[in-house]
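Comments concern the structure below.
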Amino acid sequence: VNVILLGPPGAGKGTQAKKLVDDRGMVQLSTGDMLREAKTSGSEMGLRVAAVMDRGELVTDEIVIGLIREKLSGASGGGFIFDGFPRTLPQADALADLLAQMGQGLDAVIEMQVDDAALVSRITGRYTCGNCGQVYHDQTRPTTQPGICDACGSTNLKRRADDTEEALRQRLMEYYKKTSPLVGYYYAKKQLAQVDGLAEMDAVSAAIAKVLDSGR
Ligand code: AP5
Ligand code: ZN
């Protein structure tokens, strides 16, 4: 199955994507992770997007569609989790075309519903493993041992440059303006399912599993 996880910053897309990778061997395609990698590597594109990302604005469709096209062209089979992509209507159309070219389609689009008030503490408390990408939170999901990733043992735990209240406000504005129209777009295609993203992590995982297993 190929699935999109849709939701505002902090909704839990990355957390649940990682879980699907572990539980089902699916392949996570996070444009945010790809862009952050480009930023860290110091590539020309990475340098170009760095300031835009740190402000919380969206990178151009051209760049992210190019990243996804590249990943899909090297892929065999399916089982993709699209995490943070698509984020605009042109990106959604491009994804449909790319999957069609592979003889594949989307099986579900899962909107993770949360309210803005919960997002501030989720975002400002977040840290991730720079080695394996595991996502943690100061209060709701700390590492078992301080400073050491549970999943891979790395001590390279990091906070994101755009995880400030100010950048979050911008990211939310971008979400409501440019990304939230995708909810109606996929609803009209009868591909939309909604889960309560404010529930506990395991409950959210269970709700997502139910959608995937119902064969939508
Ligand atoms: P991206 O990396 O995609 O960030 P985002 O959409 O803002 O989403 P986040 O990663 O912040 O949140 P999440 O939903 O994954 O939450 P998480 O699981 O970490 O994008 C970053 C930037 O890149 C964009 O601003 C843009 O500039 C650019 N970009 C990326 N894709 C693009 C595209 N397609 N087009 C254009 N530009 C693009 O959870 C958050 C925290 O909450 C964690 O600490 C976690 O432990 C905790 N948590 C999770 N679930 C729960 C729960 N159920 N209960 C309690 N705590 C929880
Ligand atoms: Zn790790």
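Residue numbers count from 1 along this sequence. Counting starts at 1 for both ligands and their atoms, in listed order.
Counting heavy-atom neighbours within 6.0 Å of Tyr176 OH, excluding the residue itself, gives a total above 12. No more than 12 heavy-atom neighbours from other residues, nucleotides or ligands sit within 6.0 angstrom of NZ on Lys19.
Residue contact check for ligand 1: Ile123 places a non-hydrogen atom closer than 4.0 Å to it. Taking a 4.0 Å cut-off on heavy atoms, Gly125 fails to register as neighbouring ligand 1.
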**Request:** List the steps, then state whether salt bridge (charged side-chain N to carboxylate O under 4.0 Å, His left out) holds for Asp54 with Lys39.
**Result:** CA-CA 11 Å; Asp54 290 355; Lys39 226 177 115 179; 2.6 Å; yes
**Prompt:** Given Asp213 and Arg24, is the salt bridge (charged side-chain N to carboxylate O under 4.0 Å, His left out) satisfied, shown in steps?
**Reply:** CA-CA 11 Å; Asp213 295 336; Arg24 299 177 181 238; 3.0 Å; yes
**Asked** Yes or no on salt bridge (charged side-chain N to carboxylate O under 4.0 Å, His left out) for Asp83 and Lys13, after CA distance, side-chain angles and deciding distance?
**Response** CA-CA 6 Å; Asp83 162 11; Lys13 305 180 295 291; 5.3 Å; no
**Request:** Take Arg171 and Asp163 through the salt bridge (charged side-chain N to carboxylate O under 4.0 Å, His left out) test and state the conclusion after the steps.
**Result:** CA-CA 10 Å; Arg171 286 156 68 193; Asp163 277 353; 2.9 Å; yes
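Evaluation of the salt bridge (charged side-chain N to carboxylate O under 4.0 Å, His left out) rule for Asp93 yields no partner, not counting sequence neighbours.
Ligand 1 places these atoms under 4.0 Å from at least one heavy atom of Glu200: 53 (N). Interface atoms of ligand 1 facing Leu58, defined by a heavy-atom separation under 4.0 Å, are 36 (C), 37 (N). When each atom of ligand 1 is checked for a heavy atom of Arg36 under 4.0 Å away, the hits are 2 (O), 21 (C). The contact set between ligand 1 and Gly84, taken as ligand atoms under 4.0 Å from a residue heavy atom, comprises 31 (N), 32 (C), 33 (C), 34 (N). Here is the list of ligand 1 atoms found below 4.0 Å of a heavy atom in Tyr136: 43 (C), 44 (O), 46 (O). The ligand atoms of ligand 1 that sit less than 4.0 angstrom from a heavy atom of Gln91 are 33 (C), 34 (N), 35 (N), 36 (C).
Here the protein heavy atom with the shortest distance to atom 28 (C) of ligand 1 is Leu35 CD1, 3.6 Å. Counting only heavy atoms of the protein, atom 12 (O) of ligand 1 lies nearest to Gly10 N, 2.9 Å. Annotation: atom 23 (O) of ligand 1 to nearest protein heavy atom, Met53 CE, 3.4 Å. Among all non-hydrogen protein atoms, the one lying nearest atom 4 (O) of ligand 1 is Arg160 NH2, 3.2 Å. Looking from atom 19 (O) of ligand 1 to the surrounding protein, the closest heavy atom is Arg126 NH1, 2.6 Å. Of all protein heavy atoms, the one closest to atom 36 (C) of ligand 1 is Val59 O, 3.3 Å. Among all protein heavy atoms, the one lying closest to atom 57 (C) of ligand 1 is Met201 CE, 3.4 Å. In terms of protein heavy-atom proximity, atom 41 (C) of ligand 1 is closest to Arg122 O, 3.5 Å.
Side-chain contact check for Lys18 and Gln28: at least one donor-acceptor pair (N or O, by modelled atom type) lies under 3.5 Å. Of the N and O atoms on the side chains of Gln104 and Asn2, at least one donor lies less than 3.5 Å from an acceptor on the other residue.
If you check each of Gly12, Ala203, Ala199 against atom 53 (N) of ligand 1, the one with the closest non-hydrogen atom is Ala199. Taking all heavy atoms of Gly14, Ser205, Gly7, Ala17 into account, the minimum distance to atom 15 (O) of ligand 1 is reached by Gly14. Taking all heavy atoms of Arg87, Arg171, Glu174 into account, the minimum distance to atom 24 (C) of ligand 1 is reached by Arg87. The option with the heavy atom closest to atom 46 (O) of ligand 1, from among Lys13, Met34, His137, is His137. The heavy atom nearest to atom 18 (O) of ligand 1, out of those in Thr15, Leu6, Val52, is found in Thr15.
Among the atoms of Ser30, none of the N or O lies under 3.5 angstrom from an N or O of ligand 1. On a distance-only criterion, Val135 and ligand 1 share no N/O pair closer than 3.5 Å. Taking only nitrogen or oxygen atoms, main chain and side chain alike, Gly56 does not reach within less than 3.5 Å of ligand 1. The shortest N or O to N or O distance between Asp83 and ligand 1 is not under 3.5 Å. For Glu57, a nitrogen or oxygen atom sits less than 3.5 Å from a nitrogen or oxygen atom of ligand 1, counting backbone and side chain alike.
With contacts defined as side-chain heavy-atom distances shorter than 4.5 Å, the pair Leu72/Phe80 qualifies. In this structure, the side chains of Leu95 and Ile4 come closer than 4.5 Å at one or more pairs of heavy atoms.
Within the protein, the number of N/O/S atoms found under 2.8 Å from the Zn ion (ligand 2) is 4.
Note: the hydrophobic cluster containing Leu29 also contains Met45 (ILVMFWY, side chain heavy atoms under 4.5 Å, direct or indirect links). Clustering ILVMFWY residues whenever any of their side-chain heavy atoms sit less than 4.5 angstrom apart, transitively, puts Leu58 in a cluster other than the one holding Val52.
Both tests hold for Lys189 against Tyr185: distance to the six-membered ring centre under 6.0 Å, angle to the ring axis within 45°.
Applying salt bridge (charged side-chain N to carboxylate O under 4.0 Å, His left out) to Asp138 and the options Arg159, Arg126, Arg122 leaves one that passes, Arg159.
Here CG of Leu5 is found 13.5 Å from CZ of Phe85. Values are rounded to the nearest 0.5 Å.
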